[in-house]
Amino acid sequence: MLEKALRVTAIRSQSPRGFGGCIFTGKPIDDKGNVQDASAYYVVKASGPTLGKALVQPGQWWKVSGEAAERRLDVNGYRVSEWQIDASKAVLMRPSGEHIVSFIAGNPAFVGIGQVKARRLWDTLGAKLYDALDASDIGALASVLTPESAMQVVEAWAQYGDSRTLQWLQAEGIELEIGQKVLQFFGRDTPERLQEDPYRLLSFCASWRQVDAMAQSHFGVALDDPRRLQGAIEEACYRVFAAGHTMVLSSTLTDYLQAVLGSQTKTFRWRSLVPAALAQGLTNGSFVVGHHGVQPFGAMVMERHVAKAVLDRLDATGTPLMPPAEVDAVLEVYEAKEGIELNAEQRQAVHLASEKSFMLITGGAGVGKTTVLKALYKVYDQAGIEVVQLALAGRAAKRMQEATGRAASTIANFLRTAKELSGPCVVVVDEASMVDIVTMYRLVGLLGTDVRIVMAGDPEQLMPVGPGLVLHALIRVPAVPLAELKIIKRYGGDIAVAAVSIRKGIWPKLSNDETGAIAFIPCGDGRTAEGTSLIAETVLDLYNLDPANTQILSARKNGGDGVKTINGLCQSAITAGNPSMMVWSVQHDQMVLTPFHLGDPVLCTRNMWDRGLQNGSLGTIMEIEDVPQMLTEKDGTEPEPEPVLAWVLWDDGVRRPLVEAMLDDLELGYAVTVHKAQGSQWPRVIVPLTGHRLLDRTLIYTAVTRAQTQVLIVGDEAAAKAAVESPPRVHARQVALDIMISLCKKAGPQGPAIRMPLGGAAT
């Protein structure tokens, strides 16, 4: 049994909001908070009951006792040695003061007081800091600050500070990030506003479990209190939105409410209380009840903004960009130059886009959507219309740029850097099936009503990861101009035949010949004699037949057929004997291993614009520095502020340095998820598949159509067949965008227009 007083240095794992236990790291301290051994490193694993109500935060002092053991393990790719304490008892010696530290450091009124000085004030005075500030005790503050700074802090506190609110937030265990949002919104009225309705905290991303417990224990809210029922509906709406829906039928909402409130009891018959609570939705401002169901208020606002943007363009009375004969003349010149002949579908798509301010271009793989866009751009050029090309994923934007010879950007980068766009221009969104309502809402918010919009994509490919539907919903509106391309032009053969069949929901007959253009290699979801995944081993064997031209596409991250398992196995078999990339660990005062070896393919998982990388960029580690080196001008690259660990050749052909700051945003890239692959192609693709909830027709279709010359599917054919023959998961996603547009178009010019809701009420 070991007993230690520790200052919390970091939270390794906490779920949820601290009530499910916590794993945290800490340094041993004495009774005054002085670190006893700077090299000591403890990891505490404490259950929820052991921690009680307290939420563990960095900077707190805890006295923990329990069984301790030394462990050697990999943490974030580093080989480390640490002491772990399985706490049987944990006592909060002193709270961290994170609320007041952050409040002072983040408020510009406290001139010259940053995190370091604010932290020092708390570490020195503790809870007495509140009294010192309220009493304008310059002497107490001057024990840490200069008299001038102490005076300035006192003056700022008199104007902006609120001890009661800050202490109340911390005493209630409301975590720092949420507390800051609440305080910023309600200010000194925070305690009163939350006493009126504690469930207002749900709007600031606090958990239902935490808020409901606080409401009952601290505010005396009864189980059948109307505020609690409205809060439960609000929480259910958040869960609906998190599941991808933007609206929900009342009957389905009841299922979500049961997950929030639990089953009915003899003393709490909540189902009978729901209608009255729903009727109060508009006064609450958190959800809206309409003819088509219940909507989270935020989802309703976003869909109405997007619907209005579409309707504004559908109702535009402008003339076509040019007469049809002139469009045909432009197309004839384009065909002659490219040595191609557009089919009737493609020509009609170009004519429609030249006439309409908003339109959709859809079709499966190989039908020539890019060819249509290139032809259409010639028409836009002739008419003096600027073209802005956007795609959701970095690889899709890169491929769009390569295919059209024009600049293309990710939507995220456009939103990050662009100002409002107006004038004679058109925004073309490719791979539009994956654009969610949040992204579309932000995009149309930057576009003037005179900006034309073209959305191109395949509704049979993957639906958005985020909530809502845009392309799929708009296709269902007859009033929205749609050019559907059906004739496959890019490729034919067995892959195309199989892809078309899968797209229609018919499982194709596939051979098990691994040399064919497309094949299914049956493989059980078991383990080899050595304990490794049988599917992963089979995939590795097939990968090794032609690694230079092959990309593995997995349906999920975990599991025997998942990205993590396959990447680990591939690295062990292919590059385990190669030099490992090392990085200096301040914590251990030595060089430690990273997860990467020379020759490993790597995937970038975050947009790093300043480094020329996007989320989804793939590269290969070509060189590892024996000793991390600082770049100089002679290397031909902008100097890095930190040592270069290795050099990576990325898929755009550029060799770039890799530094420690990039490590958290890199993964092994032997296998990537199908979602990361949408918009990309490789000569040869291997797709491991087993039965699980993520597997559906669109995922298999998207994976198969990423291959140019060969696709090998490995795994459970019965599960794959069932997924293809079942309706795609997108059919179960409930949205109201198409309903809004259709109702407004049906009402006609004299019907009710869409107006934006203000002040928490719909109009």
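One distance of note links CG of Leu257 with CZ of Arg271; it measures 8.5 Å at 0.5 Å rounding. Atom OG1 of Thr267 and atom CG of Leu223 lie 7.0 Å apart (nearest 0.5 Å). Note that CG of Leu695 and CD1 of Ile700 are 4.5 Å apart. Values are rounded to the nearest 0.5 Å. Interatomic distance, Asp315 CG to Lys308 NZ, rounded to the nearest 0.5 Å: 10.0 Å. Here Arg442 contributes atom CZ and Met302 contributes atom CE; the two are 11.0 Å apart, rounded to the nearest 0.5 Å. In this structure, the separation between CG on Leu689 and OG on Ser554 is 8.5 Å, given to the nearest 0.5 Å.
For the pair Leu201 and Gln210, the minimum side-chain heavy-atom distance is 4.5 Å or more. Leu273 is listed as a side-chain neighbour of Phe268, based on a closest heavy-atom distance under 4.5 Å. In this structure, Phe287 and Leu278 have side chains that are in contact, with non-hydrogen atoms separated by less than 4.5 Å. Side-chain atoms of Leu471 and Val435, non-hydrogen and from C-beta on, never get closer than 4.5 Å to each other. For the pair Thr254/Val274, no side-chain contact is recorded, criterion being any heavy-atom separation below 4.5 Å from C-beta on. For the pair Val674 and Arg556, the minimum side-chain heavy-atom distance is 4.5 Å or more. In this structure, Lys564 and Asn558 have side chains that are in contact, with non-hydrogen atoms separated by less than 4.5 Å. In this structure, Met463 and Thr698 have side chains that are not in contact, with every pair of non-hydrogen atoms separated by 4.5 Å or more.
Within the 3.5 Å criterion, the main-chain N or O of Thr702 finds a donor-acceptor partner in the side chain of Arg706. Put simply, the side chain of Ser617 never gets that close to the backbone of Leu613: no donor and acceptor are under 3.5 Å apart. A distance-only check finds no donor-acceptor pair linking the side chain of His245 to the backbone of Met247 [under 3.5 Å]. Of the possible donor and acceptor atoms, none in the side chain of Thr410 sits under 3.5 Å from a partner among the backbone N and O of Leu392. Side-chain N or O atoms of Arg200 include none that pairs as donor or acceptor with a backbone N or O of Leu194 at under 3.5 Å. A donor-acceptor distance shorter than 3.5 angstrom exists from the side chain of Trp270 to the backbone of Gly262, with no hydrogens or angles considered.
The minimum heavy-atom distance linking Val221 with Pro198 is given by the pair CG2-CG, 4.1 Å. Annotation for Ser422 and Val451: closest pair CA-CG2, 3.7 Å, computed over non-hydrogen atoms. The heavy-atom pair separating Arg697 from Val724 by the smallest distance is NE-O, 2.9 Å. Taking both residues in full, the closest heavy atoms of Gly468 and Val735 are given as CA-CG1, 3.8 Å, listed atom of the first, atom of the second, then distance. Taking every heavy atom of both residues into account, Gly457 and Lys369 meet most closely at O-CD, 4.0 Å. Shortest non-hydrogen contact noted between Tyr256 and Ala243 is OH-CB, 3.7 Å.
The list of side chain to side chain donor-acceptor pair (under 3.5 Å) pairs with a residue in residues 458-483, not counting sequence neighbours, reads Asp458-Arg503, Asp458-Tyr701, Gln461-Gln678, Arg476-Asp738. Applying the side chain to side chain donor-acceptor pair (under 3.5 Å) test to every pair with at least one member in residues 445-457, sequence neighbours left out, gives no pairs at all. Pairs of residues two or more places apart, or lying in two chains, that qualify as salt bridge (Lys or Arg N to Asp or Glu O under 4.0 Å) and include a residue from residues 214-230 are Asp212-Arg228, Asp225-Arg227.
For the residue pair Gln264 and Gln258, no side-chain donor N or O sits within less than 3.5 Å of a side-chain acceptor on the partner. Residues Asp436 and Thr439 bring a donor and an acceptor atom of their side chains to less than 3.5 Å of each other. Using a 3.5 Å distance cut-off with no hydrogens or angles, the side chains of Glu235 and Ser207 do not pair a donor with an acceptor.
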Using the side-chain contact (heavy atoms from CB on, under 4.5 Å) rule, take Leu737 and Glu303 through it: C-alpha gap first, then chi angles, then the decisive distance, then the call.
CA-CA 5 Å; Leu737 177 62; Glu303 285 195 326; 3.8 Å; yes
Stepwise side-chain contact (heavy atoms from CB on, under 4.5 Å) test for Met455 and Leu474
CA-CA 10 Å; Met455 301 188 73; Leu474 293 174; 4.1 Å; yes
After noting the C-alpha distance and the side-chain angles of Asp696 and Leu699, does the key distance pass the side-chain contact (heavy atoms from CB on, under 4.5 Å) rule?
CA-CA 6 Å; Asp696 82 337; Leu699 190 145; 3.6 Å; yes
What do the steps show when you test Asp665 against Met608 for side-chain contact (heavy atoms from CB on, under 4.5 Å), and what is the final call?
CA-CA 9 Å; Asp665 303 307; Met608 291 187 262; 4.1 Å; yes
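Between Trp208 and Tyr199, the gap from one ring centroid to the other is short of 6.0 Å.
Applying the 6.0 Å contact sphere to NZ of Lys356 captures no more than 12 heavy atoms from other residues, nucleotides or ligands. Within a 6.0 Å radius of CZ in Arg733, more than 12 heavy atoms belonging to other residues, nucleotides or ligands are found. At most 12 heavy atoms of other shown residues, nucleotides or ligands fall within 6.0 angstrom of atom CZ in Arg693.
Arg193 has no carboxylate O lying under 4.0 Å from a charged side-chain N of Asp197, or vice versa, which leaves the two without a salt bridge.
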